[in-house]
Structure formats: C-alpha cells, structure tokens
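The structure under discussion appears below in the form of structure tokens.
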Amino acid sequence: MAKKIKDNRPGARLPKGLRDIEAAEIRAQNAMLASIRKVYENYGFEPLETPAFEYTDALGKFLPDSDRPNEGVFSLQDEDEQWLSLRYDMTAPLARYVAENFDRLPKPFRRYATGPVWRNEKPGPGRFRQFTQFDADTVGTESVAADAEMCMLAADTLEALGVPRGNFLIKVNNRKVLDGIMEAAGIAGEENAGRRLTVLRAIDKLDRLGLAGVEQLLGEGRLDESGDYTKGAGLSKDAISAIRAFVVPAKDGQDPFAELDGLLKNSEIGQEGRAELAQIAELISAAGYSDRVKIDPSVVRGLEYYTGPVFEAELTFEVTGDDGKPVRFGSVGGGGRYDDLVARFTGKTVPATGFSLGVSRLQAALNALGRGAEGDVPGPVVVLVMDRDRLSDYQALTQRLRSAGIRAEMYLGTSGMKAQMKYADKRGSPCVVIQGSDEREKGEVQIKDLIEGALAAQSIADNKEWKEARPAQFSVSEVALEEEVRKVLARHFPQSD
RNA sequence: GCCGCCUUAGCUCAGUUGGUUAGAGCGCUAGAUUGUGGAUCUAGAGGUCACUUGUUCGAAUCAAGUAGGCGGUACCA
C-alpha cells in the first residue's frame, strides 16, 4: 500500500538543461547586470521589456508541425489553438515590437533588453536551455557607424565588468565578404544555397577543428573521434584553397585586406562588404579602439538573418580548470546587422544592427578570472528563542534591530539552543542575540560575536575550556541593543553601515 | 539525431571467480555538555544496488532491452 503511494509521487527533479540559481550567484549576477546597464545607458540606449513568449510565426519560426512541434523552441498552443513559443533571443521580439509600433517610435530606435531566453537543444557543459542575455540594438539606420558603435559598446562593457584590456577581443567580419568569397569559389546562386551554408558552418568550426578539419569539411567530409561522420561541402581543390586563403588570419602588422582584394575583385557584393569593413576599421581606429576591436575573417555567427557586419566578443585568456587542463571561455557575445527582420512584418526594409551578451557564460568566465562580483553578504543577526512563552519579547527585539536597518531575524524553528547556534552559524550570521530569564531580570541581553568566536575557537582544544570561556560573548544593557550590535557589525564589515 | 562510457546511502566511492543480514569516508540527527556554533568520543537514521525481462539452486555482480547521466559529434534561426 505504502509502496503504491510512493510510486505515484512525482520525482523531485529539475528538467535537464535547467538549473536553480542560489543567493550568492543571484547577487553577483545583479551586480553584473547593473554594470552592463550602466554602459548601455551611457551609450544612449533605452530599456524595453517584451514578454517571455510570442506568437510562433512572429519569432520567425514556422508553425510547428505535429511530428516535431518543438524543434529548437519551446512551444505551446493558446486556447484559440494559435501556436506560441518561448523567445530564443531578444532580437526577434524587438523586430515584432518595432513593426507593431513603427510610426510612433523615434528613428533610429535604440533600446536595450535583458532577461532569460530559452532554447530547446541538447544541453552541454556551460550550455543550458534557459540562459540570460543582455542586448542592445539600433533599428533604422544603415550607417556602419552603428555597427562600429556596437563593437565599442561590447569592449567597454567587458572592461566595465573587470576583464582587463588584452584579455578580450571583439572580432568583426562581414557576411557580404563571405558571400563574395563563395562567389569567387564558384558556389554562387540559388542552387548552391545549401552548400554555402555548409561552408559557413565549416568556417565557424575553425577554432575547434583547426584548418585541417575545416578543409575536410569543405571537401569530402570528416570522421570525428567518436566515429561520427559529417558530410562535407564537396568543393573543388581550387575553391577550398580560395576559402583557406581568406580564412587564415592575417598576421599582425599585415594589412588584413591584402588577401581579400585579390579574391574579391570580381565580386560586387564582396567589394561592398570589404568597403564596409574598411569603414568600420577606420571608425574604430579613430575612436582609439584598434587594440580591442579587430577584423577577423573567420567570424561567421548565426547565419540565418545576418546581412552585413557580424561581430563576436571573445575572451582570450586561459584558465586552468578543475582537471588541470587549460580552459578557454571563447565567445561570450556577438551580433551583427540584420536588415530584413522587420520587413518580415511590414514588407518595408528597416536596417538594424545589434549586440548580445551571454550573461551566464560571462559570469562563469569572470569567476574564473577572479573578477566575479562579490555575491556573499553577511547573514542576518539571529535572535535566539530561549523561552518559548516569551516569543513576543524576542519578536520585539528583532523588530528593533530591523527598524535600525540591521538585517535580523528571530529563530522560527522549534529546536533547542544548541541547534539555534548551529542554525546561526550555517546562515553566516555575524552575531546572535541571547536573552534568557537571567538576562531579562537584569534588563540585559547577551551578544555573541560568531565571527570573533570562530577565530577564538581555533586555539581552544577541549570542550570544557570552550564552554567556560564563552569566547566573544558579552552582556549589554537591553536599551543599547541596536548600538552594540552595530558596533559588532562595524568591526567586521567596516565599509557597510 | 549519431557514437562511446557510466548508473551502489544526501555527496564521493569500495564491493574479490555470481554465494548468508551490501560497506567506508564525508554529511545529517541525537547524546556526552537541563542555556552556547568549533574540536573529540559514542550512538542513530538513511539503500526497490536506475528500471524491466532473462540465465542460474542463488544476481549489486552475467545477458538483453528501457530510462537517466557524462563526454564527443551534428543541429543551434
């Protein structure tokens, strides 16, 4: 019987790819978000919040079919049977908002947005199905100055968060240049669209697979170490070498366009992209950001909707992981120009560009760098309950501390004094307030400084001495409670009040 | 999706060629100490050995299937 009931109970388990975030991390993240917000505001962006889910077609996702209703996104059906989906980024909802409110918005429209996004994909280390992004976008201008500004915004943000200059790089490329290269490689035209996609994906893997791996993917295909085979693009040797010449990063001091010009001379779109890159480089240089923002032909990014410049924010430092192996954090954000997103709704092309920061990933990186925001705050002062029939007295003491702006709580459990001390210890309380009948009769309270006490405990070995010494505990007049507690706090946390 | 490895207490893991009541460390609870967090000692709680089916006199151990986890790979608008 009991077993039957047990079998019917739901498992207390977190769905995969999701996670609980506890106090210290939330505090650290809030501090991060505040820093990011400050930079974005400083650049003149306005905040905007849109809902967590939208109509599926508004997100640019086709109506889920009944076989696979959740390909990549989490979807649900409204009571009128229309499909809704959780947002997978901040950009698609922005496009919807701009299209819906186009006439009354100032153009160009500049907004920032932060919040969770959801992706229904296989989770991996550092990859979750819910994570937080922080985006800035400028809608309604073709000017590459807007793109250059995004790169500078990204650089300033990383620095504001404590990533030292030289430990990150904003890399810039241009989809038009990529198109031009592929044109030169002989895979222009509608019939080669799939092949171009394969090429772009291959280039995107340069980091991980190296040049040899990319070449395999451009040609016949590649067999990875787990035995899985990835079909290649099937390009000719000439085409592969053209792309290879393009992708190999220009050495320091060399003109990054030297290779490009030869390859792109017959491609109109390629020339256009190259000109845009040159302009961005000039703007970046004029602003004094050349050491942090660099042209890099291997940057590809989310392929679907980008139409011009694309950028990626990369952390370049290495950290030794738990297993002793070096860990690189790599990309913590990216973005680019998407001139056709709003047109999906209105039919009218509205040029736009934006940058998106992966907050959780960046937070993990900052922690590794030792630059993570301090998430630990002192626990509350705990007022112990010595006589259960005097609860109102303890409640009054607690309220007095709270009124004085001191974080405090009365012990609300039912255990004895020893357990209450352990509770206070576990909460990280700086001190506890003790008032039994002895103290009450004298109009006093005992304050025990737990931080001081822990230090004193190190030099006490036997229990008898420990008990008799009552380290860091003292008696004060009840009326002086707030003042005396404040003194203890000031001793341990001089910067706070 | 594909390939590989893994699954024994809250956590980290032992568990011999299949053989009685499945163990350890840490953690947790309580006591020694009727009102004191540490240390020490003692005791206690906590397990359908992931699940199902099979082989066997007998399965945590062997086999198959399923689920979950980890890693790689693909996809990631």
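Worth knowing before you read on, the calculation uses all heavy atoms, side chains too, and leaves out hydrogens, waters and symmetry mates. Sequence lines set the chain letters: A, B, ... in the order given, protein chains first and strands last, and positions in each chain run from 1.
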Exercise. Can you find a pair of side-chain heavy atoms, one from T157(A) and one from Y40(A), that are under 4.5 Å apart?
Worked result: yes
Seminar exercise, completed: Whole-Å distance, K122(A) NZ to G69(B) P, equals 11 Å
Problem set entry | For R427(A), salt bridge (charged side-chain N to carboxylate O under 4.0 Å, His left out) partners two or more places apart | E409(A)
Exercise. Starting at the 5' end of RNA chain B, which residue's closest nucleotide do you reach first, L217(A) or M417(A)?
Worked result: M417(A)
Problem set entry | Backbone N/O of G333(A) and side chain of E312(A): donor-acceptor pair under 3.5 Å | no
Exercise. Is the backbone N or O of D425(A) less than 3.5 Å from a side-chain atom of S429(A), with the two atoms forming a donor-acceptor pair by type?
Worked result: no
Exercise. Closer than 4.0 Å, any side-chain N/O of R119(A) to the OP1 or OP2 of C75(B)?
Worked result: no
Restricting both atoms to N or O, compile the protein contacts to nucleotides 26-33 of chain B shorter than 3.5 Å, with distance only.
unit_1, atom_1, unit_2, atom_2, d
U33(B), N3, N463(A), OD1, 3.4

For this session: Using only side-chain N and O atoms of R127(A), determine if any of them is under 4.0 Å from OP1 or OP2 of G72(B).
Result: no
For this session: Hey, could you give me each pair passing side chain to side chain donor-acceptor pair (under 3.5 Å) that has a residue in residues 446-456 of chain A? Not counting sequence neighbours.
Result: E439(A)-Q446(A), Q446(A)-Q473(A), D449(A)-H492(A)
For this session: Check each residue of residues 442-453 of chain A for a non-hydrogen atom within less than 4.0 Å of any atom in RNA chain B, then write out the ones that pass by number, or none.
Result: K448(A), L450(A), G453(A)
Review item, side-chain donor-acceptor pairs of residues 334-343 of chain A, under 3.5 Å, at least two apart:
unit_1, atom_1, unit_2, atom_2, d
R337(A), NE, D147(A), OD1, 3.3
R337(A), NE, D147(A), OD2, 2.9
R337(A), NH1, T141(A), O, 2.9
R337(A), NH1, D339(A), OD1, 3.1
R337(A), NH2, T141(A), O, 3.2
R337(A), NH2, S143(A), O, 3.2
R337(A), NH2, D147(A), OD2, 3.1
Y338(A), OH, D137(A), OD2, 2.6
D339(A), OD1, A352(A), N, 3.2

Problem set entry | Whether over 12 other heavy atoms sit under 6.0 Å from E272(A) CD | yes
For this session: Can you figure out which of G35(B), A74(B), G38(B) approaches the side chain of T230(A) most closely?
Result: A74(B)
Exercise. L384(A) CG to G37(B) P: how many Å, rounded?
Worked result: 11 Å
Exercise. Distance only, no hydrogens: is a donor on one side chain within 3.5 Å (strictly under) of an acceptor on the other, for E444(A) and S475(A)?
Worked result: yes
Exercise. Looking at R201(A), does any N or O in its side chain come under 4.0 Å of the phosphate oxygens OP1/OP2 on C76(B)?
Worked result: yes
Problem set entry | Runs of at least three Watson-Crick or G-U pairs with RNA chain B, cut-off 3.5 Å | B:1-7 with B:67-73, B:10-13 with B:23-26, B:28-32 with B:40-44, B:50-54 with B:62-66
Seminar exercise, completed: Considering only heavy side-chain atoms of D438(A), the closest of G38(B), G35(B), G72(B) is G35(B)
For this session: Round to the nearest Å and state the distance from F474(A) atom CZ to U36(B) atom C1'.
Result: 15 Å
For this session: Measure from the side chain of K16(A), starting at C-beta and using heavy atoms only, and say which of U73(B), G69(B), U36(B) lies closest.
Result: G69(B)
